[in-house]
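Quick notes on the structure that follows.
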Amino acid sequence: MLWGRETVNEDAFEVIKACSFFDSIGVEGELKGEYEQVAEDICNMDKSSFYKHIAYFVERGIIQKRGRLVRVTPNPLAISLAAHRWKET
């Protein structure tokens, strides 16, 4: 579901797992500090790369963007990804 016929991108996988921990993450305006903090503190990734991965998943319909916020959908996928990430830590 995440990759289709494409190869797994480990950085993108880290981004979507980190995003799945939250109900939503701010990505624009005064809320963009939320994604910047997740990028730097959870994924150890620069903000630009993190945002590019978010945009990739928005394009594929796996991350939904509403206004200034994004969220991983559907909820069962978000829960599964969060559990996967939780087990890694």
Side-chain angles (χ1 to χ4, degrees):
M1 179 173 201
L2 289 177
W3 311 110
R5 295 178 187 214
E6 297 178 25
T7 333
V8 174
N9 179 317
E10 293 299 329
D11 286 342
F13 194 38
E14 289 304 313
V15 168
I16 198 161
K17 287 186 294 185
C19 289
S20 70
F21 274 168
F22 305 94
D23 182 50
S24 61
I25 298 175
V27 294
E28 292 180 3
E30 68 274 3
L31 299 177
K32 75 177 185 176
E34 293 178 8
Y35 97 82
E36 293 172 345
Q37 186 169 10
V38 173
E40 294 172 348
D41 296 341
I42 295 176
C43 292
N44 298 314
M45 184 179 297
D46 66 90
K47 299 175 280 193
S48 174
S49 295
F50 188 89
Y51 192 84
K52 285 178 186 175
H53 294 306
I54 288 176
Y56 168 79
F57 287 116
V58 167
E59 184 178 307
R60 301 225 24 240
I62 297 169
I63 290 182
Q64 187 176 50
K65 186 170 186 295
R66 293 205 175 181
R68 297 174 292 175
L69 302 170
V70 295
R71 67 181 296 166
V72 178
T73 57
N75 284 337
L77 175 62
I79 292 166
S80 175
L81 290 168
H84 190 275
R85 172 81 170 145
W86 185 263
K87 289 177 186 176
E88 293 176 347
T89 57

### Note, Val15 side chain near Tyr56 side chain (heavy atom, < 4.5 Å)
no

### Task
Check whether any side-chain heavy atom of Ser20 lies under 4.5 Å from a side-chain heavy atom of Trp86, and answer yes or no.
no

### Query
Looking at residues at least two apart in the chain, or sitting in another chain, which of them share a salt bridge (charged side-chain N to carboxylate O under 4.0 Å, His left out) with Arg71?
Asp23

### Task
For Lys52 and Ile54, indicate whether the former's side chain and the latter's backbone hold a donor-acceptor pair under 3.5 Å.
no

To the nearest 0.5 angstrom, please state how far the [atom1] atom of [X] sits from the [atom2] atom of [Y].
X	Y	atom1	atom2	result
Lys65	Ile25	NZ	CD1	13.0 Å
Tyr35	Tyr51	OH	OH	7.0 Å
Ser48	His53	OG	NE2	9.5 Å

### Message
Other residues, nucleotides and ligands only: do more than 12 of their heavy atoms fall within 6.0 Å of CD on Glu6?
### Response
yes

### Query
Is atom NZ of Lys32 surrounded by more than 12 heavy atoms (other residues, nucleotides or ligands) closer than 6.0 Å?
no

#### Entry: With Phe13 via side-chain contact (heavy atoms from CB on, under 4.5 Å) - residues at least two apart
Leu2, Trp3, Glu10, Ile16, Lys17, Leu81, His84

Quick check on the hydrophobic clustering: are [X] and [Y] connected, directly or via other members, by side-chain heavy-atom contacts under 4.5 Å?
X	Y	answer
Ile79	Ile62	no
Leu69	Val38	no
Leu31	Phe21	no
Met45	Ile42	yes

Any idea which heavy atoms bring [X] and [Y] closest together, and the distance?
X	Y	result
Asp11	Asn9	N-OD1, 3.0 Å
Ala12	Phe57	O-CE1, 3.4 Å
Phe50	Cys19	CZ-SG, 3.9 Å

### Task
Apply side-chain hydrogen bond (donor to acceptor under 3.5 Å, both in side chains) to Ser49 and list each qualifying residue two or more places apart in sequence or on a separate chain.
Asp46

### Query
Of the options Glu28, Glu30, Glu34, which is the one that meets Arg68 in a side-chain hydrogen bond (donor to acceptor under 3.5 Å, both in side chains)?
Glu30

